Amino acid sequence: MEKRKIQTPFDEPVLSLAFDTLKLNKQCLIFVNTKRSAEKTAEEIAKNVTAENPDLLTIALDAKSALSSPTHQCERLSFCLRKGIAFHHSGLAAKQREIIEEKFKEGVVKIICCTPTLAYGLDLPAFRVIIKDLKRFGRQGLAWIPVLDYLQQAGRAGRPKYDSRGEAIAIAQTDSEKEKIIDLYIHGEPEPIHSKLAVEPALRMYLLSLIATEMVSSKKEIFLFFEKTFWAHQYQDSSRLETIIERMLELLEEWEFIRENEEQYRATPLGNRVSQLYIDPFTAFQMTECLRRAASKTVDTFSFLQMISYTLEMRPLVKVKTKEFEEIQTQVASFHEVLITEEPGPFDAEYDEFLDSFKTALMLHEWMNEQTEEFLLENFSVRPGELQAKLDIAEWLLYTAQEMSTLMHFQSLHRHIAKARFRIKYGAKEELFALLRLENIGRVRARKLFAQGIKDLGDVKKADIEVLARLLGKGIAQSVKKQVGQPELLTKTLEGFT
DNA sequence: GGACGGTGAAACTTCAGGTTGCCTC
DNA sequence: GAAGTTTCACCGTCC
């Protein structure tokens, strides 16, 4: 292996390496351990790059206009992209991620500073990979990342089609750290792979679905099935395994998702649906409890937002900052009447998480009241990409809640939940519902129309095409008119209108 | 004497990512 | 554990 001295014009080794890569006219990925750090590193590099080209300007603009109202994060990304540098993490809008990945593949974007997201799933090889942080914050504070993660990141180096070799560079702060890295990652063994089946939610879901689909019905069959899994193979102790499965069966029965009759297990209608919806039975059970409570008290949209926020699926939650602690507490008190989850006491272990769920619900609530991504970023520290992920899950959970309310014969709740779900999906108030049914009309356009007194499909019909075109643009105005059944009328009127 | 502003050190805060689900409200 | 952010004491300046 050849050795080469790299010039170090910067104090920060990552910067020097980045510029060395640019000088070689190659590309690199820089792995760091936080989103903030990814953004900052990219920015630092970009600040020192002089070259700008028109290609990059268009990308930068595209990235900025990915959202109807650009956030601070968008501006920052746009600034970096103008220099051919990018940062990449789960907080980015999907469209922005697409742009970055595509342009990196094309060789237009030279450097991506990213969190470990990019190491998995995506096929984005680079000549050089720089692993800046080999430690990551976890349960026991800052700890060395698993060897598997290191290999996954280092494995991005070298593009088979273009380079005969690749470079993976790990950065050590001290000599002793250097030793440690060589020991741990270069000579170390990857950790053994563990079956995920042993994770409780997975086991619960799996077990219920096996019964619901009638793949198995007696205990004996169930044990037999699991004995053949990788989990059992790893576990080696089949009696303990059986204890775990038995306990799980008891729970599923207690939750009324399965029933035992003459040694045969069958899923109940509710259990069947839960299994089809692919939701953790524990979450489903908690929902049934909440819905029962909801049926006998006054509830509003927020009740359900908090209910879904207080589930495993919604994690990680929006965290209550130390400063906000009291404020959130008082808010909880004022919402007390409508909450349908079981509220833990201030000294219970789950209390913090309960407050987090409440804050998460507040965030969702702001979204459905038409607050912008920027507002949510500023006030809840939720980035656009994370917001979208949360919204998807929230919508799905509300759907399952809706389905369950039907099976439980809570018709009044059903309507309530369906409404909440629609509002989560579009991030809009109820008054925009009619307009949102139109294709190409999201909350922004709907709000524009509404502000001009065009409030429903009838108004759209009555509205002058030119007015619509001014608000929505010509193409969309036409499409909208067509959707309300007035296609030919406008082609004429629109002639000469640009 | 007091309001204001700048400075730096200490105290505090925060920290990756994630697949499927369902079907129209 | 470390980087980034906020808070706060301290000092000098100006009115």
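Every chain is numbered from 1 and lettered A, B, ... according to where its sequence line falls, protein lines coming before strand lines. Keep in mind that this is a model prediction, so the values were computed, not measured.
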Ring centroids of A/Phe137 and B/dC15 base under 5.5 Å with planes under 30° = yes
Nearest-Å distance, [atom1] ([X]) to [atom2] ([N])?
X	N	atom1	atom2	value
A/Phe422	B/dT24	CZ	P	13 Å
A/Arg97	B/dA16	CZ	P	14 Å
A/Ile171	C/dA2	CD1	C1'	16 Å

What nucleotide among B/dT20, B/dC22, B/dC25 has an atom nearest to a side-chain atom of A/Tyr278?
-> B/dT20
Out of C/dA2, B/dT14, B/dC22, which nucleotide sits closest to the side chain of A/Tyr399?
-> B/dC22
Under 4.0 Å between a side-chain nitrogen and a carboxylate oxygen: does that hold for [X] and [Y]?
X	Y	result
A/Lys105	A/Glu102	no
A/Glu101	A/Arg97	no
A/Arg292	A/Glu289	yes
A/Arg443	A/Glu370	no

When the nearest nucleotide of DNA chain B is assigned to A/His88 and to A/Ile393 on a heavy-atom basis, which residue is associated with the more 5' position?
-> A/His88
Between A/Ser275 and A/Val320, just flag the one whose closest nucleotide in DNA chain B comes earlier from the 5' side.
-> A/Val320
